[in-house]
Amino acid sequence: MVSGVGMAVDLGGVKMRNPINTASGTFGFGWQLEGFYDVSTLGAITAKGTSAEPWPGNPAPRLCEVSSGIMNTIGLANPGVAGVIEKSGAYLAELERRGCRVIMQAVGHTIEEYRSAVRLIEELAPFVSGIELNISCPNIARGGKLVGGTPEDAAEVVRAVRPLVSRPLLVKMAPVRVPEIARACEGAGADALSLINTINAMSIDVRTRRSRLSKPTGGLSGPAIHPIAVRMVWEAAQAVSIPINGIGGISSGADAAEMILAGATAVTVGTQNLPDPTAAPRILGELEAWASEQGVSGINELVGAFEC
Amino acid sequence: MVSGVGMAVDLGGVKMRNPINTASGTFGFGWQLEGFYDVSTLGAITAKGTSAEPWPGNPAPRLCEVSSGIMNTIGLANPGVAGVIEKSGAYLAELERRGCRVIMQAVGHTIEEYRSAVRLIEELAPFVSGIELNISCPNIARGGKLVGGTPEDAAEVVRAVRPLVSRPLLVKMAPVRVPEIARACEGAGADALSLINTINAMSIDVRTRRSRLSKPTGGLSGPAIHPIAVRMVWEAAQAVSIPINGIGGISSGADAAEMILAGATAVTVGTQNLPDPTAAPRILGELEAWASEQGVSGINELVGAFEC
Amino acid sequence: MSPRAPAGPRGTVGLHEFIVMANEEVARDAYRLEISSSVSQGLEAGQFINVAVPGDASHILRIPLSFSRTDPANACVELFYAIVGEGTRRLSAMRAGAVSTAVGPCGKGWRLPDEPAARCLLVAGGIGLPPIFAAAEMLARAGVRFDAIVGAQTEAKLVFPLIHDLERLVADDCRVVVATDDGSSGSKGFTTTVMERLVSEHAYGCVYTCGPEIMMRGIAAIAARGRIACQASLERMMGCGFGACGGCNVPLISGGYASCCMDGPVFDAKAVAW
Amino acid sequence: MSPRAPAGPRGTVGLHEFIVMANEEVARDAYRLEISSSVSQGLEAGQFINVAVPGDASHILRIPLSFSRTDPANACVELFYAIVGEGTRRLSAMRAGAVSTAVGPCGKGWRLPDEPAARCLLVAGGIGLPPIFAAAEMLARAGVRFDAIVGAQTEAKLVFPLIHDLERLVADDCRVVVATDDGSSGSKGFTTTVMERLVSEHAYGCVYTCGPEIMMRGIAAIAARGRIACQASLERMMGCGFGACGGCNVPLISGGYASCCMDGPVFDAKAVAW
Ligand SMILES: Cc1cc2nc3c(=O)[nH]c(=O)nc-3n(C[C@H](O)[C@H](O)[C@H](O)COP(=O)(O)OP(=O)(O)OC[C@H]3O[C@@H](n4cnc5c(N)ncnc54)[C@H](O)[C@@H]3O)c2cc1C
Ligand SMILES: Cc1cc2nc3c(=O)[nH]c(=O)nc-3n(C[C@H](O)[C@H](O)[C@H](O)COP(=O)(O)OP(=O)(O)OC[C@H]3O[C@@H](n4cnc5c(N)ncnc54)[C@H](O)[C@@H]3O)c2cc1C
Ligand SMILES: Cc1cc2nc3c(=O)[nH]c(=O)nc-3n(C[C@H](O)[C@H](O)[C@H](O)COP(=O)(O)O)c2cc1C
Ligand SMILES: Cc1cc2nc3c(=O)[nH]c(=O)nc-3n(C[C@H](O)[C@H](O)[C@H](O)COP(=O)(O)O)c2cc1C
Ligand code: FES
Ligand code: FES
C-alpha cells in the first residue's frame, strides 16, 4: 500500500490483510455491499448470526433511532446454516479466494443449538477462516437470560463448542462484566474475543406508552456506545492474552485507531455501514493514514499502544 | 398548576412538589442556577457528592465531548461537608423553606468515610430532606473497584450507614448488574434508588495516544446513555418495590416521561443543565403538558405505566 | 449463480451524489424536492432512494423516499415528502445548490398488470401519492387505462401540482377522484369508501396502492373480496435500504418475513399478513 | 450572606438570546463575530460568554468565548474566534440574522493595576488577542499606559483589524510589537523573547496575558523573575461556565484547584501552579 505501513494482522489465527472487519448483522452476507465497492479489499467480514435451523426473528418495528445511535430487535432472523450456504455460500467461498477472510457467526438458544450450528458450519462452509460464537443470545433454558451473561455460563458454552471447531474460534461477548467473562472465555478455549455486542436499551413512545420496537428492549449501537466499547476493549485486553476484535460505534479512522490503541488487533465496523455503505473502505484508508503519521512500520505496533 | 394534573410525588419519603430533581455534580449547590430561574420551582435538587473531609478531585482535563454526550473525571472534588455547609448551607436551608427539597449526597472511599460523611450531614445539615449515598466511588480497600459494584458490597455499605440516617436514604447506583444490586440495596434499607450514575467509558486522542481526560477512563453522561438508563430504571422498578429516581440523559419532557413510564417516581436532570441552564423548568413544563395530554389527574398514575 | 449486489433490471444499488435543484412547500408540511443525480439513471417506477440529510450527526439514518418522476436524460429526480419528524424537517431546510448523497436505486418497484387490457385502479393516501404517480406514468406509457383515487386528511394537505399532472395522464373515459377525511375538497370520507363505489362500477384488472398502512390494509381487503390483483407499496423503518441489516421486515401470509427494501417496497397485497 | 447566582460587579449570569450581525473571516481560520444581545449590558473586560451553536445535536456543549469590545448602548458584542474543531467550524457557518443563545456574563475579568501610574505590558498569543484588546480598552479608559506584544505563528494568522485598533489605543510613547514564529511579519520568534527585551527597557507595573498555556507559562515566569504583577486569562474545557459542574479546574500553588469559570478566567499568574 502507498503508506508503506504493514496492515496485515492475525486475529487469533484469522490472517487478515488489514484490520478492518464488518460486524455481524450489519453487512448481510457481504454481497449486498458489492455494488458500493470491492468487498475483498477488507480484512474480513463477519456474516449475520446463523442458527442450525431458520429463525424468523421478531415482528416489526425492528429498528428505531435514538441520539447518535440506533436500537434494534432483529431477533437474529436468519435462514439457518443450510439456507445461508445455499444462497450465499458460493459468494462467500469466492470472497475467501479473493483474499478477504470470512467469519461465520453461530447463534443458539441452548448449548445443543450452538453445537448443531457449529457442526453445520464446519460441514457446509469448510471454506471459512473462522467461526464466531455469539454468546449474547437469550438462553431459553434460563428464562431468556443471556447465554454468556455470567463467567460460568460463558465458559460453559465455549467449552461445549470448542472441540467441534477445527479453525479459529472467536467469542462475541455481551457488554457485561467484561474482564471476568473475557477471562472465562479465554480459559474455555477461545482464540480471540469480539466485543462489544449491542447494549440492552429501551425507547418508549410516550404518546402510546409502548416500546418503539416490537419488544420492550433492544440493542443500542452506533456512535453513542463508542466510548463505552473502547473502555471495554481496554479492560478485555488487560485481562487476557488472546487478541481482541474491537467493535462498537466505529465511524471514522480515529474511532478505529482508538480501539487499536486500547488493545484491539482487528476493528469491526457495524452500524456505520447502514447509512454509509462505503464506510469500511474509507475507515481503512483513514486508519492507514493515521498509522503512517504515527511513524510505525506495521499497524501491529500500535495495538495496545495507549499511554496511560 | 394550569394543567390541573397533580404533580407532587413522594420519593421514598422525600415529598416533592413535582418529579423534577437535578443530578449531583451537574447543579453545583443550587445557587449557581438562581440567575437563570427560581430554583425553588423544582421538586428537589441533589447537591454535589460530599465527603467528610475535602477532596481535591482530579487534575485537568476533567471533561471531554463525545457523540451526544460528555465524559468527566471530576473525581468528586468537593470542600467536605463542613466546607459545603459554610458556603452553601444557608442557601440550601432557605431553599427547603421555599418548598424545594434538598438532597445531600455522601461519598467515601471506605465504609468508615461514608459513615463520617453521613454523620456530618446529619449534624451540620439537619434541614435536608434526604441523604443520597453515592456507591459508585472507588473503594480504596479493594484496589479502586466500585464501592457498590457487586450486590454484596452494595448491601454492606448501605447497611453500614442506614442506622446513622434519620431521614429518607436514597442509594445512587452504578450502571452495573442493576436488578441484583437494586434488590441488595432495598434489602439493606434504602428508601429509594437513584439510577443511573455515569457509565465508565474511554476516549483517546489518537494523535498523542493519551486519554482525553487526566485519567484513562471517565464517566459518560448525556443523551447517548438515555436509552440504557431507561432500560436500567425499568429493570430496577421490576426488581424492587421502593421508588426509583430516574437519571440519565434526560434533555426533554419526553425523555423524562419515558423514565416515568419505565417506573421512575422522580426524574433527575443532569448533563443537560450544563449547556442549557433552564433545562429543568422547561422539562417540568413539558412533562406536565404530556401528563395532561395523557388525561391523568396525577403524574403518579403514569409511574410504570409502560405497556409491554 | 451466487448473488452479487442487489440489482434491479436497470442497475445495481450504489452511492450517488446529488445536488438540490429545488425544494419548496407545495401543500401543508409537504415539499417537492428536485435533485440532480446519476441515481436517476437506474430508477424504475416504485423503487426508492435513501437520502442523507447532512448537519446533525446525532441522527444517523438516511430517509427513504419514493419518487414521482425521473428524467434520466437530464439526470433529474422529482420527490415529494411530508415533514413528520426531525429528518424531514431538516431536509426541508436544504436549499437549491446543497449537496448530499443518495443510496439507490433501492428495492423492487411496480409490475405491469397481468392483463394489460383491463382498466386499473390507483389509490393514494397522503404522501403515498408520489409512487402512485410513478405507477400512473408507467401504466400510461404501457397504454394501460386507469382511474385514480387521491385521499388526504384535508384540502390543505392535497399535493395539487401532482394531482393536476395525474389528471393529464388518465384516459378520457377515466378519472381522478379526490377524497378528504373532512370533506374540504372532493368527496368526504376515506379512499376505501370511494373504492367500494368504483369497484361496483368497473371491473379492474389490478389495484396499485400507497398510503398509510391502515388504509392499504382496507384497500387490499376490498381488492381481495373482488378478486382483483393488488400491489401495495409498504413503508418500514429502514436501517440500510439494501438488504444488509434485516430491519425492514414485512410479515407474510405464508409465514416468516420478507424484506421491505429488497423484496419490496412493492408487494403483492395478498402475500402480506396485514 | 448566603451565595446566590454568580454575579459580577454589573450583573448576574443569565441566558441571553443573540442575533448574529456579522461573521466574517479576518485572518486564516480566524473570524470576527458581532452579535446583538442583552448580554452586552453586564460584560466586564476579561469576562466571557458561553455560546450555543445550533444544528448538530451530537455536540452538546457551548463554546466559551472572550470578547474584544462591547457596545452596551447598541447591545453589541464583538468576538473573535479561531476554527479549531467542529463547534467553531459550525459557528463560522452562522450567517447574519441567525439566532442562538449565550450564557453570560461569565467569570471574573481583568483587574486594574495596583499602581495606575506605572506602564503595563499586554501579551497576546494567537486567538488570545480579543481579551487582551478588552484589557487595553479598560486600561486606556483608566488612563493607564501600556505596551503590547501580539504574537502569532505566521502573518496569515494575525488578526490585523484588531491589531490596528490596538495601535490606536496605545499612548504616544508606547507601542505594539508584532512577533511571528516564522518571521513572516514583525519580529521573528516568540512573544517571550520580545518580552525579555521590553522588560529590560521599561519598568512595568503589571503584565496582562492571554494565549496558549505554554506561552502564558513563559510570560508568567519572566514576570515573576522581574517581580512584575501578572494577570493571565486561562482556558479550560467548560461544561457549564457558571460554577455548576467542576469541570474547569485550575491547579493552584497553594494546593487544590480554583474554578476557571468562577474564580477566573483571569488569574493572578503567581497563584497558578503552571
Ligand atoms: C420505501 C419508502 C418510501 C417512502 N417514500 C416516501 C415519500 O415518497 N414521501 C414521504 O414523505 N415519505 C416517504 N417515506 C417515509 C419517510 O421515509 C419517513 O417519513 C421519514 O423517514 C421520517 O423521517 P423523520 O426523521 O422526519 O421522522 P422521525 O422523527 O424519524 O419519525 C417520525 C415518524 O415517522 C415514522 N418513520 C420514520 N422513518 C420511517 C420510515 N422509514 N418509514 C415509515 N415510517 C417512518 C416514525 O416511526 C415516526 O412515527 C417512505 C418510506 C419508505 C420506507
Ligand atoms: C474562558 C475562555 C475564553 C475563550 N475565548 C476564546 C476566544 O475569544 N476566541 C477563541 O477562538 N477561542 C476562545 N476560547 C477557546 C474556545 O472556547 C475553543 O477553541 C472552542 O470551544 C473549541 O470548540 P470546537 O468545538 O471548535 O473544538 P473541539 O473539536 O471541541 O476541540 C478542538 C480543540 O480545542 C480544545 N478545546 C475545546 N474546547 C475548549 C475550551 N473550552 N477551552 C480550551 N480548549 C478547548 C480541545 O481540547 C481540542 O484540542 C476560549 C476558551 C475559554 C475557556
Ligand atoms: C441491525 C443489527 C443487527 C445485528 N445483528 C447481530 C448479529 O446477528 N450477531 C451479532 O453478534 N451482533 C449483531 N449486531 C451487533 C453488531 O454486530 C455490533 O456488535 C454492534 O452493533 C456494535 O457495533 P456498532 O456500534 O458499530 O454497530 C447487530 C447490530 C445491528 C445494528
Ligand atoms: C460533571 C459531572 C459531575 C458529576 N458528579 C457527580 C457526583 O458528584 N455524584 C454523583 O452521584 N453523580 C455525579 N455525576 C453523575 C450525574 O449525577 C448523573 O448520574 C449522570 O451524569 C447521568 O445523568 P445525565 O446523563 O443526565 O447527566 C456527575 C456527572 C457529571 C456530568
Ligand atoms: S433496511 Fe436494511 S435490510 Fe432492509
Ligand atoms: S465550567 Fe462548569 S464549573 Fe466551570
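By convention in this document, chain letters (A, B, ...) are assigned in the order of the sequence lines, proteins followed by strands, and residues within each chain are numbered from 1.
- With sequence neighbours left out, the side-chain contact (heavy atoms from CB on, under 4.5 Å) criterion links M215(D) to V123(D), T191(D), T209(D), P212(D), I219(D).
- In the displayed structure, E122(B) atom CD is contacted under 6.0 Å by more than 12 heavy atoms of other residues, nucleotides or ligands.
- Taken to the nearest 0.5 Å, the CG atom of L15(D) stands 7.5 Å off from the CG atom of D276(B).
- Heavy-atom neighbours of E25(D) CD from other residues, nucleotides or ligands within 6.0 Å: above the threshold of 12.
- Within a 6.0 Å sphere centred on CD1 of I214(D), other residues, nucleotides and ligands contribute 12 heavy atoms or fewer.
- Surrounding CD of E17(D) are at most 12 heavy atoms belonging to other residues, nucleotides or ligands under 6.0 Å away.
- Comparing T271(B), V66(B), T26(B) by how many heavy-atom pairs each has under 4.5 Å with chain D, the most go to T26(B).
- Atom CZ of F190(D) has 12 or fewer neighbouring heavy atoms from other residues, nucleotides or ligands inside a 6.0 Å radius.
- Most heavy-atom pairs under 4.5 Å with chain D: of the set A224(B), P277(B), G57(B), P61(B), this distinction falls to P277(B).
- No part of S251(B) comes within reach of chain D, as not one of its non-hydrogen atoms sits under 4.5 angstrom from that chain.
- Side-chain contact check for C245(D) versus F27(B): every heavy-atom pair is 4.5 Å or farther apart.
- For E286(B), the salt bridge (charged side-chain N to carboxylate O under 4.0 Å, His left out) partners two or more places apart in sequence, or in a different chain, are R282(B).
- No donor-acceptor pair closer than 3.5 Å links the side chain of N72(B) to the backbone N or O of G247(D).
- For chain D, no part of V39(B) is nearby; none of its heavy atoms comes within less than 4.5 Å.
- With a threshold of 4.5 angstrom between heavy atoms, N78(B) does not approach chain D through any atom at all.
- Here the side chain of R62(B) pairs no donor or acceptor atom with the backbone of C248(D) at under 3.5 angstrom.
- Taking chain D as the reference chain and counting heavy-atom pairs below 4.5 Å, the highest number among A77(B), G222(B), G69(B) is found for G69(B).
- Only the side chain of P223(B) has a heavy atom closer than 4.5 Å to any heavy atom of chain D.
- Contact detail for A60(B) and R236(D): the closest heavy-atom pair is CB-NE, 3.7 Å.
- For P59(B), the parts lying near chain D are the backbone and the side chain together; criterion is any non-hydrogen pair under 4.5 Å.
- Taking CD of Q32(B) as the reference point, atom CE of M262(D) lies at 5.5 Å (rounded to 0.5 Å).
- Between L274(B) and F242(D), the closest side-chain pair of non-hydrogen atoms is not below 4.5 Å.
- Residues passing the salt bridge (charged side-chain N to carboxylate O under 4.0 Å, His left out) test with E78(D), sequence neighbours excluded: R32(D), R69(D).
- Residue-level contacts of residues 50-63 of chain D with chain B, in order of numbering, are A57(D), S58(D), H59(D), I60(D), L61(D), R62(D); threshold 4.5 Å between heavy atoms.
- Listed here is the closest heavy atom pair of F36(B) and V13(D): CZ-CG2, 3.9 Å.
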